[in-house]
Number of protein chains: 2
Amino acid sequence: MSNGLPEQGSGSQAGDPGQAPRPAPTMADVARRAGVSAMTVSRALKGAGTVSDLTRRRILRAVDDLGYVLDRTAGTLSSRRSGFVAVLIPSLNNSNFSDTAGGIGRRLEGSGLEMLLGATGYDRGREEDLIAALLRRRPEGMVVTGGSHTERARLLLGAAGIPVVEMWDLPPEPIGHVVGFSNAAAAAALVHHLHARGYRAIGYIGGSTDRDTRGSDRRRGYERAVRDLGLPQGLTVACGSPPIAMDQGSEAVVRLLERSPETDAVVCVSDLSAFGALSECQRRGWSVPGRLAIAGFGDFELSRSCHPRLTTVSVDAPAIGDGVGDLLLRAIAAGRADAVLAPETRRMPFAILQRETT
Amino acid sequence: MSNGLPEQGSGSQAGDPGQAPRPAPTMADVARRAGVSAMTVSRALKGAGTVSDLTRRRILRAVDDLGYVLDRTAGTLSSRRSGFVAVLIPSLNNSNFSDTAGGIGRRLEGSGLEMLLGATGYDRGREEDLIAALLRRRPEGMVVTGGSHTERARLLLGAAGIPVVEMWDLPPEPIGHVVGFSNAAAAAALVHHLHARGYRAIGYIGGSTDRDTRGSDRRRGYERAVRDLGLPQGLTVACGSPPIAMDQGSEAVVRLLERSPETDAVVCVSDLSAFGALSECQRRGWSVPGRLAIAGFGDFELSRSCHPRLTTVSVDAPAIGDGVGDLLLRAIAAGRADAVLAPETRRMPFAILQRETT
DNA sequence: GCCCTCGATGTTATCGATAACAGGGCGGCG
DNA sequence: CGCCGCCCTGTTATCGATAACATCGAGGGC
């Protein structure tokens with residue numbers, strides 16, 4: 001790395017508003033300085049093609065001298081490859097999703113594909129907007145969370161002609177590839193687990209809207225299991241719109257026990273609300289799991305660390321990301337060979353972690 | 001919105017690997033169908049310029065019919081405006097940073113600028129790589145977290161000729177604009193607060209590397225305050241590399257009290273490690289704050305919700321984002337008028353939230 | 001009634017890199 | 001000794017949109 005970067009753009013230096021910044025050097029400038037053609041510079045810079053060692057060194061030298069930075073915008077246009085995939089998750093600040101994003105990123109490393117992240121805020125309209133905005137930048141693949149999208153979002157994705165992966169769910173009518181699991185089955189399994197441990201009046205705390213479709217699936221799974229087991233129904237508390245926060249769990253558990261004091265266990269839509277419920281019980285001196293057993297969903301760091309440790313459902317979020325990345329790479333490779341990778345659905349496992357709150 | 005999207009790209013349909021996907025329609029195709037020139041389509045689509053209502057309607061109709069999606073890549077090249085700013089944060093899954101990112105995004109809404117997020121993993125080398133990769137896509141502005149970067153990162157940013165904002169810190173030698181606060185001063189204030197409440201043997205739990213520069217600043221602030229107050233020194237526990245997790249806090253608090261049983265309070269580098277310490281104390285039956293007072297940093301949702309509630313330092317993360325967004329907008333506007341916005345430093349307030357653990 | 005202005009649209013050149021093809025030199029093989 | 005082919009490099013055309021300038025017609029002020 002040469003230390004002397006260029007003469008150009010002393011950009012945000014103190015206020016001389018007159019100083020017109022020189023235009024950034026282009027590949028042609030580098031070529032001129034190295035005494036070669038632009039094409040050779042292009043080849044040298046991307047490592048592909050054949051460039052003699054001497055020439056390459058001269059070019060890299062010129063790049064350093066000028067402080068040249070490749071313009072991928074132009075490259076994208078002429079090569080028709082943007083070199084990135086778009087990934088939409090409901091929320092950045094949710095370790096399940098950010099772990100998955102991390103897994104995708106790791107899988108893509110070294111492949112020449114970058115990952116561009118967007119957060120929908122659990123809002124299908126916002127997801128649609130983001131999809132439209134991202135497609136304008138010509139991603140080579142698109143990953144969305146869940147299987148529920150606006151009509152137009154589905155149309156856009158279908159017509160984009162790029163691989164699409166839906167994750168964290170098992171959509172009944174997938175758009176393309178899928179890497180996920182059944183949230184309903186996981187919640188049902190949790191209810192069965194509680195039943196096996198002797199709990200009989202099992203409640204549920206979750207969102208009051210269907211915005212979070214994974215949350216809704218969990219509620220449906222819970223309801224089915226309770227019905228199948230012949231347990232009392234109607235122990236559901238709706239506590240607002242997603243993302244369901246800790247204090248919503250706190251409020252909900254109080255409402256639940258006031259309304260239905262016979263409740264001896266509760267399943268929460270996520271570890272966050274479960275933790276809120278747990279803390280509230282501690283504040284009020286309600287023993288957990290003595291008075292009330294509490295189970296969460298997601299195996300967040302929190303639930304491993306708190307006291308008592310939260311029983312929860314664990315999903316291998318990074319592995320979902322890895323699977324998504326793998327599918328993307330294969331589908332994009334296929335696309336470059338003018339083929340199409342037949343849609344795949346990967347069912348990921350989940351596990352119930354019996355800990356101290358149940 | 002028309003419902004019939006185009007004939008093109010039935011993309012990821014089942015496996016007929018021969019089917020060459022039609023190329024996506026271009027602006028010229030839309031123009032032809034609407035009976036106008038491409039330029040008029042461009043004007044109609046971006047709302048700028050003057051296009052008669054009738055023509056606009058005809059164009060939008062053609063866009064819908066063809067399922068046309070604007071190609072921003074080409075637009076970027078010819079207009080020399082990418083329409084996005086890059087934001088680098090250490091970790092996605094940290095509500096402080098993701099809240100700030102949210103604040104930036106909200107501020108940018110409607111401005112025609114999109115936000116592209118990258119995570120450095122608290123790694124300066126990775127930050128440098130990300131900066132280099134992002135600059136190739138010609139962002140109109142760049143936001144980085146903290147004031148410590150590799151030499152080359154500084155050079156790249158300085159030479160890019162775009163507004164640069166450093167946030168969440170007060171760098172001694174800023175690259176451009178700054179929106180932050182002194183982490184050292186905040187930690188010192190926390191120590192003084194504990195001292196005022198009667199604590200005398202105040203320990204510190206934090207990372208063992210300088211990778212997280214905000215964490216290091218906090219440690220320095222703690223050390224200075226302890227020295228200034230004449231309190232016992234040497235009560236620092238180093239517990240690994242960032243991001244410091246909850247269970248590192250758990251381990252550290254045990255080590256601290258084994259090594260220095262006289263300790264009556266501890267400041268943690270963040271709420272996460274503080275919560276880990278708190279939980280561990282509860283597991284071992286050590287009363288908090290009776291046996292040991294615990295304070296965190298960051299005012300995460302967790303610390304408001306847990307029992308007992310954590311004393312912590314609160315920073316208005318979305319407000320930092322708002323300030324960053326505001327600076328970006330003004331600086332970019334100035335740049336478009338061939339001017340330069342003189343570097344600004346915005347000092348943000350922090351507050352100590354006295355709660356139940358101290 | 002004439003000229004000026006402005007609104008609506010078209011034309012041309014350009015942004016910066018890369019795909020595709022072309023060509024020149026040199027060594028090996030028959 | 002000549003030809004084939006390979007390694008390296010250059011030339012030309014193109015990607016898709018937009019800036020800048022040109023054009024044309026209609027309406028309004030004096």
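Chain identifiers are assigned alphabetically (A, B, ...) following the order of the sequence lines, protein sequences preceding nucleic acid strands; residue numbering begins at 1 within each chain. Both backbone and side-chain heavy atoms feed into the values below; hydrogens, waters and symmetry mates do not.
- Between Asp65(A) and Arg61(A) there is a salt bridge, since at least one side-chain N of the basic residue sits less than 4.0 Å from a carboxylate O of the acidic one.
- Residue Gly35(B) is the one, among Ser79(B) and Gly35(B), whose nearest nucleotide of DNA chain C lies closer to the 5' end (criterion: closest heavy atom).
- Evaluation of atom-type donor-acceptor distances gives no pair under 3.5 Å for the side chain of Arg80(B) against the base of dG16(C).
- Looking at the side chain of Met27(A), the nearest of the listed nucleotides dT9(D), dC15(C), dT18(C) is dT18(C).
- The distance from atom CG of Leu77(A) to atom P of dA17(D) is 9 Å, rounded to the nearest whole Å.
- Judged by distance alone with a 3.5 Å cut-off, no donor-acceptor contact links the side chain of Arg72(A) to the base of dG16(C).
- Between the CE atom of Met39(A) and the C1' atom of dG10(D) there is a distance of 10 Å, rounded to whole Å.
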Show every donor-acceptor pair shorter than 3.5 Å between a side-chain atom in residues 103-113 of chain A and any protein atom, with sequence neighbours excluded, or say none if there are none.
{"residue": "Arg107(A)", "atom": "NH1", "partner": "Asp322(A)", "partner atom": "OD1", "Å": "3.1"}
{"residue": "Arg107(A)", "atom": "NH1", "partner": "Asp322(A)", "partner atom": "OD2", "Å": "2.9"}
{"residue": "Arg107(A)", "atom": "NH2", "partner": "Asp326(A)", "partner atom": "OD1", "Å": "3.1"}
{"residue": "Ser111(A)", "atom": "OG", "partner": "Leu108(A)", "partner atom": "O", "Å": "2.5"}
{"residue": "Ser111(A)", "atom": "OG", "partner": "Leu113(A)", "partner atom": "N", "Å": "3.1"}

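- Checked against dT9(C), dG10(C), dT18(D), the side chain of Ser37(B) finds its nearest nucleotide in dG10(C).
- For the pair Arg32(A) CZ and dG10(D) C1', the interatomic distance rounds to 15 Å; values are reported in whole Å.
- Minimum atom distance to the side chain of Thr50(B) is reached by dA8(C), of the listed dG10(D), dA8(C), dT18(D).
- Rounded to an integer number of Å, the gap from CG of Asp29(B) to C1' of dC15(D) is 14 Å.
- Taken from CZ in Arg57(B) to OG1 in Thr55(B), the straight-line distance is 9.5 Å, to the nearest 0.5 Å.
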### Task
Give the intermediate values and the outcome of side chain to side chain contact (heavy atoms under 4.5 Å, CB included) for residues Leu88(B) and Leu134(B).
CA-CA 10 Å; Leu88(B) 296 186; Leu134(B) 286 166; 3.7 Å; yes
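- The phosphate of dA17(D) has neither OP1 nor OP2 within less than 4.0 Å of any side-chain N or O from Thr73(B).
- Between the side chain of Arg138(A) and the backbone N or O of Leu135(A), at least one donor-acceptor pair lies under 3.5 Å.
- Going from atom CG of Asp71(A) over to atom P of dC15(D) covers 18 Å, rounded to whole Å.
- Within the nucleic acid shown, Val41(B) has no heavy atom closer than 4.0 Å to any nucleic acid atom.
- Comparing dG16(C), dG10(D), dA8(C) by their closest approach to the side chain of Thr40(A) singles out dG10(D).
- Between Leu70(A) atom CG and dG16(C) atom P there is a gap of 12 Å when expressed in whole angstrom units.
- To the nearest angstrom, P of dG16(C) lies 17 Å from CZ of Arg136(B).
- Counting only N and O atoms by type, the side chains of Ser148(B) and Arg124(B) include a donor and acceptor under 3.5 Å apart.
- Across all strands, Thr55(B) comes closer than 4.0 Å only to sugar-phosphate atoms, never to a base (heavy-atom distances).
- To the nearest angstrom, P of dA19(C) lies 7 Å from CZ of Arg81(A).
- In this structure, the nucleotide among dC15(D), dT18(D), dT9(C) sitting nearest to the side chain of Ser78(B) is dT18(D).
- Comparing dC8(D), dA17(C), dA17(D) by their nearest atom to the side chain of Tyr68(A) picks out dA17(C).
- Listed pair Ser52(B) / dA8(C) fails the phosphate criterion, with no side-chain N or O lying under 4.0 Å from OP1 or OP2.
- Considering only side-chain atoms of Arg43(A), the nucleotide from dT9(D), dT18(D), dA19(C) that sits closest is dT9(D).
- Comparing Asp53(B) and Ala74(A) by the nucleotide of DNA chain C whose heavy atom lies nearest to each, the residue mapping closer to the 5' end is Asp53(B).
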